[in-house]
Amino acid sequence: MTTTAPAAPAPTHTGTVKTLPDAIDPVGCLCPQCGTGRHVPLDETDSTERLAMTLGHVRDNTGLSFAQLYAWEQANCPDENDI
């Protein structure tokens, strides 16, 4: 007779899900939408928000080309550039 161990319980997600902003605005923006958190100035974003903007999931109000955004990230986000 063969016995098998009981199956492990399925993992559960215990973390929080990040809500993305509606848009990412230029560095230092102080518009009312940035004040309420609906938009976020570029200099206050994290890598997840910038990736979502690059993929088109968050509106890009920065006015930067992809190359300019990449150069800005290289200059301003050194910890996130270590892959």
- prompt: Does Glu49 reach the side chain of Val58, with side-chain heavy atoms less than 4.5 Å apart?
  reply: no
- prompt: Do the non-hydrogen side-chain atoms of Met53 and Leu20 ever get within less than 4.5 Å of each other?
  reply: no
- prompt: Rounded to the nearest 0.5 Å, how far apart are CG of Leu64 and CD of Glu73?
  reply: 10.0 Å
Would you give me the side-chain donor-acceptor pairs under 3.5 Å for residues 26-36, sequence neighbours excluded?
{"from": "Thr36", "atom 1": "OG1", "to": "Gln33", "atom 2": "O", "distance (Å)": "3.0"}

field: Partner set under side-chain hydrogen bond (donor to acceptor under 3.5 Å, both in side chains) for Gln68, not counting sequence neighbours
entry: Ser65
- line: Hits for side-chain hydrogen bond (donor to acceptor under 3.5 Å, both in side chains) against Thr19, two or more places apart or cross-chain, chain-then-number order -> none
- request: Could you walk me through whether Leu42 and Asn76 pass the side-chain contact (heavy atoms from CB on, under 4.5 Å) test, one step at a time?
  value: CA-CA 10 Å; Leu42 180 60; Asn76 295 284; over 6 Å; no
- line: Those residues at least two apart in sequence (or on a different chain) that pass salt bridge (Lys or Arg N to Asp or Glu O under 4.0 Å) with Arg38 are Asp22
- request: Quick one: list whatever passes side chain to side chain contact (heavy atoms under 4.5 Å, CB included) with Ala23, sequence neighbours left out.
  value: Asp25, His39, Arg59, Asn61
- line: side chain to side chain contact (heavy atoms under 4.5 Å, CB included) filter on Leu51, not counting sequence neighbours, yields Leu55
query: When you look at Thr62 and Leu69, which way does the side-chain contact (heavy atoms from CB on, under 4.5 Å) test go after all the steps?
result: CA-CA 9 Å; Thr62 65; Leu69 177 62; 5.8 Å; no
